[in-house]
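Predicted, not measured: the structure shown is a model, and the values here were computed from it. Every heavy atom of this structure was used, including side-chain atoms; hydrogens, water molecules and symmetry mates were not.
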Amino acid sequence: MDKFSTYAGNQLAAAGFTVLDSRVAARLRPDLWRGALDAESESADRGRARLRSLPGIRRFEVTLDEGRVVEVLAWSPDRLAERLAWVLGRAPARIVEATPPAVPAPSVRPPAPTQAGDQHPDIVTAEPGRTCGSCAHFSAGQTCRVPRISGVGRPLAREPRICRGYEPVFGARDRRGARVLWPELFSEASAPPASAAAEVEALDDKHGTLAPTARE
């Protein structure tokens, strides 16, 4: 380790801060250098970079009363002006944090699932509802792939629901879809809105659930 890193490391350990300036270093540690030029010649940029990269270290630009700006590394800004005065013999004119600590980004959570209950609470069906988690349109991100039909964008996976868009997942024992499970939903009296009717038919064609008469 070079002399300047030794000086800075010892000062950090003893005072909680270090002044990375050759004039200050030579005045505080005459046992290491004969003068400021001697200290400057041994002030390696590599050593300074290593000190700046210490976890938790904070960097400040300190303006002395004669107008000269020096770099200060400190663990904490608490009473830094007073602490510097003890070492420099005078209070600094100005202290500005050069690299404020990064504010951790708030953890992003997915929106809470929403559930509107059965899409058709006024229609009585012989077959009970099925959970959204057992539907082929329930995505890995816990969203419904056919919200215009289901009426809900983020359904609850384990809540049973009666829905025109229901299709069982691949490999399910019960392969019945919405049209077979709940024919009551597809009667003339409870026909889907025009905006969703085309999507319902497209799904029926895709899954092969349209009755033969409906295909003709």
Decide yes or no on side chain to side chain contact (heavy atoms under 4.5 Å, CB included) for T18 and V72, but give the supporting numbers first. CA-CA 6 Å; T18 182; V72 173; over 6 Å; no

Test side chain to side chain contact (heavy atoms under 4.5 Å, CB included) applied to F60 and V96, step by step: CA-CA 6 Å; F60 300 86; V96 177; over 6 Å; no

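- With respect to E97 and R59, no salt bridge is recorded, no charged nitrogen being found less than 4.0 Å from a carboxylate O.
- Nearest heavy-atom pair, D174 versus P168, reported as atom, atom and distance to 0.1 Å: O-CB, 3.5 Å.
- The backbone N or O of A126 sits less than 3.5 Å from a side-chain atom of E184, completing a donor-acceptor pair.
- Connection of F138 to L181 is not established within any shared hydrophobic cluster, with ILVMFWY side chains joined at heavy-atom distances below 4.5 Å, either directly or through further cluster members.
- The side-chain tip of R29 does not point at the ring of Y7 from less than 6.0 angstrom away and within 45° of straight on.
- Note: the hydrophobic cluster containing I162 also contains I123 (ILVMFWY, side chain heavy atoms under 4.5 Å, direct or indirect links).
- Counting only distance, with no hydrogens or angles, the side chain of R161 and the backbone of S150 share a donor-acceptor pair below 3.5 Å.
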W75 and L54: side chain to side chain contact (heavy atoms under 4.5 Å, CB included), yes or no, with the steps? CA-CA 10 Å; W75 298 116; L54 289 173; 4.2 Å; yes

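- How far CD of Q142 is from CG of L156: 9.0 Å, rounded to the nearest 0.5 Å.
- A donor-acceptor pair shorter than 3.5 Å can be found between the side chains of S134 and Y166.
- The two residues G165 and A178 come nearest to each other via the heavy atoms N-CB, 4.5 Å.
- Remark: the backbone N or O of V19 is paired with a side-chain donor or acceptor of Q11 at under 3.5 angstrom.
- Contact of the F17 side chain with the V87 side chain is registered, since non-hydrogen atoms from C-beta on lie closer than 4.5 Å.
- Remark: R27 CZ to D21 CG distance equals 9.5 Å, nearest 0.5 Å.
- Residue R23 places its CZ atom among 12 or fewer non-hydrogen atoms of other residues, nucleotides or ligands, all under 6.0 Å distant.
- Ionic pairing of R176 and E127 is present here: one or more N-O contacts between side-chain nitrogen and carboxylate oxygen are shorter than 4.0 angstrom.
- Counting non-hydrogen atoms of other residues, nucleotides and ligands closer than 6.0 Å to CZ of R68 gives a total above 12.
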Show your reasoning for whether salt bridge (charged side-chain N to carboxylate O under 4.0 Å, His left out) applies to R52 and E71. CA-CA 10 Å; R52 293 184 189 114; E71 180 181 2; 2.7 Å; yes

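- A donor-acceptor contact shorter than 3.5 Å links the side chain of S139 to the backbone of T143.
- What you find for P92 and L84 is that their closest heavy atoms are CG-CD1, 4.1 Å.
- Look at E167 and R130 and you find no salt bridge, because none of the NZ, NE, NH1 or NH2 atoms lies under 4.0 Å from a carboxylate O.
- Of the charged side-chain nitrogens involved, none lies within less than 4.0 Å of a carboxylate oxygen, so that D78 and R83 do not count as a salt-bridged pair.
- Taking the side chain as every heavy atom from C-beta outward, L20 and V70 never approach each other to under 4.5 Å.
- Side-chain contact annotation: R50 with S5, donor-acceptor N/O pair under 3.5 Å present.
- In terms of heavy-atom proximity, L12 sits nearest to L73 at CD2-O, 3.9 Å.
- Scanning both residues, C144 and V152, for their nearest heavy atoms gives CB-O, 3.4 Å.
- To the nearest 0.5 Å, the span separating CG on L88 from CG on L64 amounts to 6.0 Å.
- Closest non-hydrogen pair, P128 versus W182, comes out as O-NE1, 3.2 Å.
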